[in-house]
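Worksheet: one structure, shown below.
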Protein chains: 2
Amino acid sequence: MTGTTDRAAGPRAYEAVLASIEAELRSGELNIGDRLPGERTLSEKHGISRASVRDAIRILDVMGLVRTATGSGPNSGTILISDPAAGLSSTLRLHVASRHLPVADIVQARILLETWAAAAATERPLDEPSLARAAELLARMDDPALDREAFHDLDSQFHVLLSTLAGNAVVSAMMESLRLSIMDYVRHSVTTDEQWQPVGQALRTQHHGILDAVTARDGELAARLLRDHIEWFFTQTSH
Amino acid sequence: MTGTTDRAAGPRAYEAVLASIEAELRSGELNIGDRLPGERTLSEKHGISRASVRDAIRILDVMGLVRTATGSGPNSGTILISDPAAGLSSTLRLHVASRHLPVADIVQARILLETWAAAAATERPLDEPSLARAAELLARMDDPALDREAFHDLDSQFHVLLSTLAGNAVVSAMMESLRLSIMDYVRHSVTTDEQWQPVGQALRTQHHGILDAVTARDGELAARLLRDHIEWFFTQTSH
DNA sequence: ACACCAGTGTGGTCTGACCATACTAGGCGG
DNA sequence: CCGCCTAGTATGGTCAGACCACACTGGTGT
């Protein structure tokens, strides 16, 4: 098992385009924000059909490397972006669906990444604006009239924002993708408002505690609270 | 920024297939090893063209969820597999190429995941067969006649195997994908055999120390050695 | 000067065809 | 009866060409 040399998959036509774009990215010929040549141009340039070019672009799309738009003008066409979390999360979500990535493992990985991020954040210069934004998110979550959808949305933003404070783009992307990948799971785990009210209250309290710890630059406390926070919610929803 | 509801992308045709397959995966109708219906069948079933069906399958392919093979018989067609690391790593690699995921961040994330895995591994029942396999990998790496390509390959297997001992599939997949995503970088960082020889010797020694620590169930020591190991190699190659 | 509208280029989709492959079943010769 | 060999068949991979919806562009008419 774990053979390194995989199948001898025949050379795919679209790989030429992918390799070309990857090379141009590495060399700096292409940068975020640039527009890719049109599909018809690329097909001619690589000597393959437009359908195969579209395969490559579709792949870059799900990876979160480009966005496409129809029409004409500067905002149309295929444009390079950078949204690693989108690509990672869709991949993770489907693998979770296939039952080969247990939700428990995802939660454990989240704890690992988030607690590290919280601790690491306290060892860097204070990022006042981000902390202010985090506080504002919590304030909006305190509104008892907020429906669960909106709460989950703000909740997600709060956690992602916290993990961003550590300044590691890879960890942030993974964090966000882990969260997105189990968002459906979380959404459907609490089904009635009767179940929800007390849970929401507890989450609010925990969030404030975490943010306070981070603001006070107590990395150890922040990490512990975060761990308890995630573990607690998971046990609430997993039975 | 970080708006949750992203682009107002029009409904894509292939999404119907993706959603359908994801639902069947969740419900258990589909399982790893199963064959998907033929592309022509799916196109008729969803009322879309075969081209759009192929889009969906191509996406599943790059995600590491299916493999495709031409021909007829039980080994042909589109078959469900589970190779999360493949999909994650290709996404990561391209984002690294786009210069929006610094290599340093990847290395830092690897340290985080691997040290955790090593420590966690010592808190679980001993996995003798895996340890034996790890030892065998090291033995093969001790061969001074081994070329660098083969060494990197075994090296990679060793690290992935170690991270597997923690028993967390998500962490393992991320680990492997991080490693794959910077494999080119590592390969090209040491270019001459003169540079390589002493580096290889040091890596061998470090590997043995790490495995010894894990075997002795000293999680703290293993984590520390692993951190030093990765950081040391990175500093060797980054100047 | 302004409003309008045809033109143009973009990705999105569809249709239908052909190819290479790999297994399957049947025929043919032993 | 056995065994080899060939035609058949179903698969994904690729291509070509067409049409659509969309959004900006630039000229045209008032």
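Reminder, nothing fancy here: chain letters follow the sequence lines and each chain counts from 1. Since the model is a prediction, treat every value here as computed from it, not as a measurement.
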Check your understanding: DNA chain D: A:Tyr14 or A:Ser76, which has the more 5' nearest nucleotide?
Key ->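 In this pair, the answer is A:Tyr14.
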Check your understanding: Whole Å only: how far is the CG atom of A:Asn75 from the P atom of C:dG11?
Key ->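 That distance rounds to 14 Å.
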Exercise for review: Would you kindly give the CD1-to-P distance between A:Ile79 and C:dG9, to the nearest whole Å?
Suggested key: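 These atoms are roughly 18 Å apart.
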Practice item. Give a yes/no answer on whether the side chain of B:Thr78 brings an N or O atom under 4.0 Å of OP1 or OP2 in D:dT11. Key: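 It does not, given that no N or O in the side chain of B:Thr78 lies less than 4.0 Å from OP1 or OP2 of D:dT11.
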Practice item. Considering just the side-chain nitrogens and oxygens of A:Arg40, establish if one lies under 4.0 Å of OP1 or OP2 belonging to C:dG9. Key: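 Answer no for this pair, as no side-chain N or O of A:Arg40 is under 4.0 Å from OP1 or OP2.
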Review point. Any chance CD of A:Gln195 has more than 12 other-residue heavy atoms, nucleotides or ligands included, within less than 6.0 Å?
Key: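 Counting neighbours around CD of A:Gln195, more than 12 heavy atoms of other residues, nucleotides or ligands fall under 6.0 Å, so yes.
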Practice item. Could you give me the CA-CA distance, side-chain angles and deciding distance for A:His95 and B:Asp83, then say whether side chain to side chain donor-acceptor pair (under 3.5 Å) is met? Key: CA-CA 8 Å; A:His95 279 284; B:Asp83 189 359; over 6 Å; no
Practice item. In plain terms, say whether A:Arg26 and A:Glu22 are close enough for a salt bridge, that is, a side-chain N and a carboxylate O under 4.0 Å apart. Key: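 Yes.
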Practice item. Using a 4.0 Å heavy-atom cut-off across all strands, classify B:Gly73 as base, sugar-phosphate, or nothing. Key: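 Sugar-phosphate: the residue B:Gly73, judged by heavy atoms under 4.0 Å, touches backbone atoms but no base.
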Check your understanding: Between the base of C:dG11 and the side chain of A:Arg67, is there any donor-acceptor pair under 3.5 Å?
Key ->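 No, the side chain and the base share no sub-3.5 Å donor-acceptor pair.
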Point to revise | Selection: residues 47-58 of chain A, any non-hydrogen atom under 4.0 Å of DNA chain C | key: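 Those residues are A:Arg50, A:Arg54, A:Arg58.
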Check your understanding: With sequence neighbours excluded, what pairs up with B:Asn75 under the side chain to side chain donor-acceptor pair (under 3.5 Å) test?
Key ->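 Counting only residues at least two positions away or on another chain, B:Asn75 forms no side chain to side chain donor-acceptor pair (under 3.5 Å).
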Check your understanding: Are side-chain heavy atoms of B:Ile57 and B:Tyr14 found at a separation under 4.5 Å?
Key ->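 Sidechains of B:Tyr14 and B:Ile57: no contact.
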